[in-house]
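No experiment lies behind these values; they were computed from the predicted model shown.
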Amino acid sequence: MRFRNAIHITIDNFSSVFKLLLYSILTGAVFMSLSYLILRLGLDGIISGSPTKAVVEVVRKFLDALILKNPEWHYEDFNREFAEAFASFKALIYDSTGAIVGSFIGVAIMYLLSRFINGLGRFAVAGTMNDRMSTFSRTRFGSSYFKNIGKGALYQVIYVPLIFVYDALSLVLCWFCFFYIPGLLSINGWVSVLLSISLTMTAIACFEALKMTLISAWIPAIVSDDKRVTLAFRASFGAKKHFGRRFASFLIAVYLIIVINVIFALCTFGSALLVTVPLSFVFLLSLQFVQYYEDNNKKYFISSRTIMGGEEKPNGLDE
């Protein structure tokens, strides 16, 4: 029932997919440009340096000789010239350590800022979705964006570093599942590879579902009930009511999102991801709001004539 209602709400808010897509493209273009500028300024001395050009030239000459079978080019010559060029290149890298570290720190900061800004866009979509569910009214994306920007910014300040750490730990555990568990079970060959992939995908899906379950009420509590950001986080993280049901719903949602994105990406050479990726975010938001409304006995619209939730028997749909 909850899953089906989330699908109804996603379809009803389908226009948000394109608004979120446009917002992501604009912000992505800005942050990609800034990241390129940071790398260009920091690494230009290395890229355009004579040691780098020498290494590239030696490799080019070796490939030409290999392809054209040039008898005048000997493997010993390549070893000697490459060793000399690479020694100069290593010295250049060593002298430019500060610039390299600074560049990658700058790119990491840009990445976190991009997640922060993109999160504000999803928070705005959450505001329009809540208005649609609670009063069946249409709120403009821009109006919702600036109306919720204060709480959305505070939410992102907490969410981005917290989820960054969670995702990093999840990747470490997935890496362990992929490389170590088959070895511990003494399994080799193709069976080992298939088991590694299966365990890794299962771990990714479970970690994502657990994350969504723990924070599922965070945004809805802020937007729907105007709770303080920190108070809403503690309430969401500590909510034990229907935990298993929520986890199962998000686990199914994660698998469904993976399958749809992979199939559409393969069938359209990646172009459909422009729609399926923002659609995935909108669907997850819909599921969060449905879970929150149902768990708190709040009524909500899924169409102009269908109201769900609350103490009374739902109107328009069978149990």
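For the pair K298 and Y293, the cation-pi test (distance below 6.0 Å, angle within 45°) is passed. Cation-pi geometry between R245 and F247 is not met: the NZ or CZ atom fails to fall both under 6.0 Å from the ring centre and inside 45° of the normal.
Rounding to the nearest 0.5 angstrom, the gap separating the OG atom in S249 from the CD atom in Q288 is 12.0 Å. Between T135 atom OG1 and N130 atom CG the span is 8.0 Å, to the nearest 0.5 Å. Note that the CG atom of L273 and the CG atom of L279 stand 11.5 Å from one another [nearest 0.5 Å]. Here the CZ-OG1 distance, from F176 to T200, works out to 11.5 Å after rounding to the nearest 0.5 Å. Distance check: K299 NZ to M308 CE gives 11.5 Å after rounding to the nearest 0.5 Å. Rounded to the nearest 0.5 angstrom, L256 CG and I252 CD1 are separated by 9.0 Å.
Within the 4.5 Å cutoff, no side-chain heavy atoms of I219 are placed close to those of R122. Annotation: side chain of R40 is not in contact with side chain of L43 (no heavy-atom distance under 4.5 Å). Side-chain contact between R246 and F243: present, with at least one pair of heavy atoms (C-beta onward) separated by less than 4.5 Å. Contact annotation: the side chain of F264 never approaches that of S271 to less than 4.5 Å [non-hydrogen atoms, C-beta and beyond]. At least one side-chain heavy atom of I100 sits under 4.5 Å from a side-chain heavy atom of I46.
Here the two rings, on Y111 and F31, have centers that are 6.0 Å apart or farther.
The minimum heavy-atom distance between K227 and K151, with the atom names listed, is O-NZ, 3.7 Å. Nearest heavy atoms, L20 versus P278: CD2-O, 4.0 Å. Contact record, L120 with G152: CD2-C, 3.5 Å, taken as the closest heavy-atom pair. Across every non-hydrogen atom of N261 and I257, the tightest pair is ND2-O, 2.7 Å. Of all non-hydrogen atoms in S216 and T213, the two that sit nearest each other are OG-O, 3.2 Å. Here the closest heavy-atom approach between residue Y255 and residue A205 is recorded as CZ-CB, 3.6 Å.
Distance alone, capped at 3.5 Å, is enough to place a donor-acceptor pair between the T276 side chain and the A272 backbone. One N or O on the side chain of T202 and one on the backbone of S198 form a donor-acceptor pair closer than 3.5 Å. Remark: the backbone N or O of V229 is paired with a side-chain donor or acceptor of W218 at under 3.5 angstrom. Here the side chain of D12 pairs no donor or acceptor atom with the backbone of H8 at under 3.5 angstrom. In terms of modelled atom types and a separation under 3.5 Å, the side chain of S224 and the main chain of A221 share no donor-acceptor contact. Formation of a donor-acceptor pair under 3.5 Å by the S96 side chain with backbone atoms of A99 is not found in this model. Judged by distance alone, the side chain of T128 and the main-chain N or O of V125 form a donor-acceptor pair under 3.5 Å. Between the side chain of S236 and the backbone N or O of F233, no donor-acceptor pair lies under 3.5 Å.
Atom CZ of F104 has 12 or fewer neighbouring heavy atoms from other residues, nucleotides or ligands inside a 6.0 Å radius. Annotation for F3: atom CZ counts as buried by contact number, over 12 foreign heavy atoms lying within 6.0 Å.
The hydrophobic clustering, which links ILVMFWY residues whose side-chain heavy atoms are closer than 4.5 Å, places M32 and L112 apart. Residues L26 and F141 do not share a hydrophobic cluster, defined by chaining ILVMFWY side chains whose heavy atoms lie under 4.5 Å apart. Connection of I222 to V157 is established within a shared hydrophobic cluster, with ILVMFWY side chains joined at heavy-atom distances below 4.5 Å, either directly or through further cluster members. Under the 4.5 Å side-chain heavy-atom criterion for grouping Ile, Leu, Val, Met, Phe, Trp and Tyr, V160 is connected to I215 within one hydrophobic cluster. Tracing side-chain contacts under 4.5 Å through hydrophobic residues (I, L, V, M, F, W, Y), one reaches L285 starting from L210; they form part of the same cluster.
Using cut-offs of 30° and 60° on the angle between ring planes, the pair F301 and F136 is tilted.
Residues S286 and T10 have side chains that bring a donor and an acceptor to within less than 3.5 angstrom of each other.
With sequence neighbours excluded, the residues satisfying salt bridge (charged side-chain N to carboxylate O under 4.0 Å, His left out) with E57 are R60.
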Problem set entry | Candidate pair V282 and M129, rule side-chain contact (heavy atoms from CB on, under 4.5 Å), full reasoning | CA-CA 9 Å; V282 173; M129 185 178 294; 3.9 Å; yes
For this session: Kindly indicate, with the supporting measurements, whether the criterion side-chain contact (heavy atoms from CB on, under 4.5 Å) is fulfilled by C267 and I263.
Result: CA-CA 6 Å; C267 293; I263 290 175; 4.1 Å; yes
Problem set entry | Derivation and outcome, side-chain hydrogen bond (donor to acceptor under 3.5 Å, both in side chains), residues N118 and Y23 | CA-CA 8 Å; N118 283 323; Y23 180 84; 5.6 Å; no
Exercise. Under the side-chain contact (heavy atoms from CB on, under 4.5 Å) criterion, do N5 and E294 qualify, and how do the steps go?
Worked result: CA-CA 11 Å; N5 290 350; E294 290 283 354; 4.0 Å; yes
Problem set entry | Test log, rule salt bridge (Lys or Arg N to Asp or Glu O under 4.0 Å), inputs D295 and R2 | CA-CA 11 Å; D295 288 344; R2 297 185 180 197; 2.9 Å; yes
For this session: Take D167 and K211 through the salt bridge (Lys or Arg N to Asp or Glu O under 4.0 Å) test and state the conclusion after the steps.
Result: CA-CA 9 Å; D167 289 342; K211 177 178 71 177; 3.4 Å; yes
Problem set entry | side-chain contact (heavy atoms from CB on, under 4.5 Å) between Y300 and I307, worked out | CA-CA 6 Å; Y300 59 95; I307 300 175; over 6 Å; no
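In this structure, R140 does not pair ionically with D131, as no charged nitrogen and carboxylate oxygen lie closer than 4.0 Å.
Checking Y155, F281, Y159 one by one against F123, the ring-ring contact (aromatic ring centres under 6.0 Å, His included) holds for a single residue, Y155.
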